[in-house]
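Below is one structure, written out as structure tokens, with a few remarks after it.
Numbered from 1 within each chain, the chains take letters A, B, ... in sequence-line order. Fair warning: this is a prediction, and the values are worked out from it, not measured in the lab.
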2 protein chains.
Amino acid sequence: MLSKKTKYGLKALTYLASQSKGEPVQISEIASHENISQKFLESILLTLRNTGFLGSKKGKGGGYYLLKDPGEIPMTTVIRVLEGPIAMVPCVSLNFYEKCDDCPDENKCAVHKLMLQVRDSVLEVYRNNTLADLISE
Amino acid sequence: MLSKKTKYGLKALTYLASQSKGEPVQISEIASHENISQKFLESILLTLRNTGFLGSKKGKGGGYYLLKDPGEIPMTTVIRVLEGPIAMVPCVSLNFYEKCDDCPDENKCAVHKLMLQVRDSVLEVYRNNTLADLISE
DNA sequence: TTTTATCCTATCGGTTTTATAGAGTAATCA
DNA sequence: TGATTACTCTATAAAACCGATAGGATAAAA
């Protein structure tokens with residue numbers, strides 16, 4: 001199940017992408033427009049800022065804004081930051097690989113075999129979608 | 001992330017599928033062979049039995065066995081029973097649909113748009129894999 | 001120097017997950 | 001019949017995670 005953090009984060013990003021570029025948008029505006037708890041959104045935007053997706057400006061007229069063009073933000077990077085690994089088990093993860101405690105041989109493991117396919121399949125979707133692709137015109 | 005319940009359940013199913021058909025296999029044998037807590041596995045096998053995947057036999061020489069041919073058990077059905085909905089958000093789920101509280105219009109929602117693609121993509125993987133496909137020869 | 005709005009940390013209640021304990025039931029075999 | 005075996009079921013609990021909130025610190029602008 002997708003976490004609300006990711007869901008809200010994505011909504012906030014698309015909202016920012018649909019605004020005039022570089023113009024700071026306040027948390028409160030995003031929160032009310034997308035029906036998100038403001039305080040919760042605050043922490044999400046903070047991690048998006050600390051991971052290089054957003055810039056921020058303090059004080060009056062401040063807010064958050066996209067640092068890159070929406071077309072240059074693939075979903076792979078967004079999802080990894082907000083949701084974590086794309087793979088459903090660590091033993092098939094590209095960026096967060098971890099061996100299973102059980103499982104003497106990954107190549108004979110049914111779960112491994114299946115989840116490898118799922119990972120590749122999901123990865124392709126995320127690679128084919130940038131933030132720009134998700135904005136409804 | 002895939003739950004251990006699903007992981008263990010899949011492993012148990014493939015173990016059963018690799019055994020001679022119809023022969024009951026004891027919980028303890030599966031548990032030790034696949035490095036699973038026996039008591040936990042017990043409850044998993046029970047749900048697989050109650051959902052029509054496994055049959056059981058009590059008493060000496062008893063155990064669990066597959067009710068169908070491994071080639072006739074698609075992953076879609078297994079995953080839905082063990083893990084729940086395949087979709088990552090209820091608003092794109094085929095079997096567990098639910099409208100989002102926020103989100104006035106699904107068709108304009110970025111999350112919806114993206115997760116619809118993910119669902120279709122994952123669904124195709126699950127549809128193309130039966131239990132038989134996961135057994136390593 | 002006051003206002004505005006982001007930044008940061010801590011915490012908290014609730015839910016889910018993973019696992020264990022133990023009593024109960026049914027089948028087999030001697 | 002009686003003992004053994006092994007599944008059945010319920011209850012419980014520790015741990016982890018999630019979603020949300022509180023409150024103060026910091027920095028920019030007016």
Whichever of A:Lys58 and B:Gly59 has the more 5' nearest nucleotide on DNA chain C, that residue is A:Lys58

What is the distance from [atom1] of [X] to [atom2] of [N], rounded to the nearest Å?
{"X": "A:Ile36", "N": "D:dT21", "atom1": "CD1", "atom2": "C1'", "answer": "16 Å"}
{"X": "B:Lys5", "N": "C:dA19", "atom1": "NZ", "atom2": "P", "answer": "13 Å"}
{"X": "B:Gln38", "N": "D:dC7", "atom1": "CD", "atom2": "C1'", "answer": "11 Å"}
{"X": "B:Phe40", "N": "C:dA19", "atom1": "CZ", "atom2": "P", "answer": "5 Å"}
{"X": "B:Ile44", "N": "D:dT8", "atom1": "CD1", "atom2": "P", "answer": "14 Å"}
{"X": "B:Gln26", "N": "D:dT4", "atom1": "CD", "atom2": "C1'", "answer": "12 Å"}
{"X": "A:Leu16", "N": "C:dT6", "atom1": "CG", "atom2": "P", "answer": "11 Å"}
{"X": "B:Lys4", "N": "D:dA16", "atom1": "NZ", "atom2": "P", "answer": "11 Å"}

Is A:Lys39 touching bases, backbone alone, or none of the nucleic acid, heavy atoms closer than 4.0 Å? base

Within the structure shown, what part of the strands sits under 4.0 Å from B:Ile27 by heavy-atom distance: base, sugar-phosphate, or nothing? sugar-phosphate

Whether [X] contacts [N] is assessed here as follows: a side-chain N or O lying under 4.0 Å from the phosphate OP1 or OP2. Is that the case?
{"X": "A:Ser56", "N": "C:dC7", "result": "yes"}
{"X": "A:Lys57", "N": "C:dT4", "result": "no"}
{"X": "A:Arg49", "N": "C:dT6", "result": "no"}
{"X": "B:Tyr8", "N": "C:dT18", "result": "no"}
{"X": "B:Ser28", "N": "D:dA6", "result": "no"}

For residues A:Arg49 and A:Ser56, is any side-chain donor paired with an opposing acceptor at under 3.5 Å? yes

Checking contacts here: which listed nucleotide (D:dG19, C:dC8, D:dC9) is nearest the side-chain heavy atoms of B:Leu46? D:dC9

Donor-acceptor contact present, side-chain B:Lys99 to main-chain B:Cys103, <3.5 Å: yes

Can any side-chain N or O of B:Arg119 pair as donor or acceptor with the backbone N or O of B:Val92 at less than 3.5 Å? yes

The test is salt bridge (charged side-chain N to carboxylate O under 4.0 Å, His left out); show your working for B:Lys113 and A:Asp133 and say whether it passes. CA-CA 9 Å; B:Lys113 206 170 184 175; A:Asp133 298 314; over 6 Å; no

So that I can tick it off, tell me whether A:Glu42 and A:Lys39 are bridged by a salt bridge, with the cut-off set at under 4.0 angstrom between side-chain N and carboxylate O. yes

Quick check on DNA chain D: between A:Ser43 and A:Lys60, whose nearest nucleotide comes earlier from the 5' end? A:Ser43

